[in-house]
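Take a look at the structure below.
The model shown is predicted, which means the values in this text are computed figures rather than measured ones. Side chains included, hydrogens not; waters and symmetry mates left out as well; all remaining heavy atoms used. As the structure lists them, so they are numbered: ligands from 1, and atoms in each ligand from 1. When a residue number appears, it is its place in the shown sequence, counting from 1.
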Amino acid sequence: MSTQKIIKKVTIDTIKKMKNKTPIVMITAYDALFAKLFDEIVDIILVGDSLNMSFCGKEDTLSATLDMMIYHTNAVANGAKKALIVLDMPFGYYTCKKDALKNAIKVYKKSKADAIKIEGGAERAHIIKYLTKNSIAVMGHIGLMPQSVRSEGGYKIKGKDEENIKSLIQDAKAIEEAGAFALVIEGVKPTAAEEITKAVSIPTIGIGAGVKTDGQVLVWSDMLGFFEDFKPKFVKRYLNGAKLVKDAIKDYAKEVRERKFPTSEYVY
Ligand code: KIV
């Protein structure tokens, strides 16, 4: 008898059905090694364009390319068999509906991404609609949108006043109507995120948006404490990864320098 475990793949439908029932757990991953560690525990793995910062050491996400995102999504798919895999469309690859579809088709042809994520509110709804009508699964992303960091002159928290909350709700509804299956809400005041979540029937996944969204997402290298350049207020470090790694490397370097490694245990 085969002892192989049957893996039940998370689908778009699984995620949609979780609204108002089970909080959705999403995390980023950029490679097979970490994707494999996260896969059984989380619902969604996002191959975020945040990799341009934490993986590539760039100042923002804007120079990420589609080929980079496809390369990392393929690495993640080699490690993750269960979680839904979402590829973050990089800046400049969905400025009009024709380009967006051409690039989304490239993603589906060249990777095992289950869906793509697109930043933008009501102004991008026509693009999302065009994609969903052409069999592309889309996750929206509103509030603080990292790809707008230069045009907005920084990372700006949203949902601070009634007018902005109203406009965020309009964004969320437009994205829902366009056919997106879920929506990331980033850097938004908790009361605003709660109102948005109540206003739509698709699940919302918050990051820096309080506890009242349908799920949460964090960037893996932030929450495991590997990325030390800066720590946004919303990041809880569940591990001091940088210290653990540095301590281990120091031990290794010391043993090499003192000719204590390798001992007989580690030779053929
Ligand atoms: O790129 C990313 O990691 C993201 C998350 C912050 C949601 O878009």
Kindly compute the distance separating SG (Cys96) from NZ (Lys102), expressed to the nearest 0.5 Å.
-> 8.5 Å
Ligand 1: protein residues within heavy-atom distance under 4.0 Å = Thr28, Leu46, Gly48, Asp49, Ser50, Asp88, Lys117, His141, Glu186, Ile207, Val219
Say whether, by atom type as modelled, one donor and one acceptor occur between the side chain of Glu186 and the main chain of Gly143 under 3.5 angstrom.
-> no
Kindly give the heavy-atom pair with the smallest separation between Thr65 and Pro90, and that separation in Å.
-> C-CG, 3.7 Å
Salt bridge or not for Glu195 and Lys166, using N-O below 4.0 Å?
-> no
Take atom CD of Glu255 as the centre, draw a 6.0 Å sphere, and report whether it contains more than 12 heavy atoms from other residues, nucleotides or ligands.
-> yes
Checking side chain to side chain contact (heavy atoms under 4.5 Å, CB included) against Ile44, which of Thr14, Ile205, Ile85, Ile27 comes through?
-> Ile205
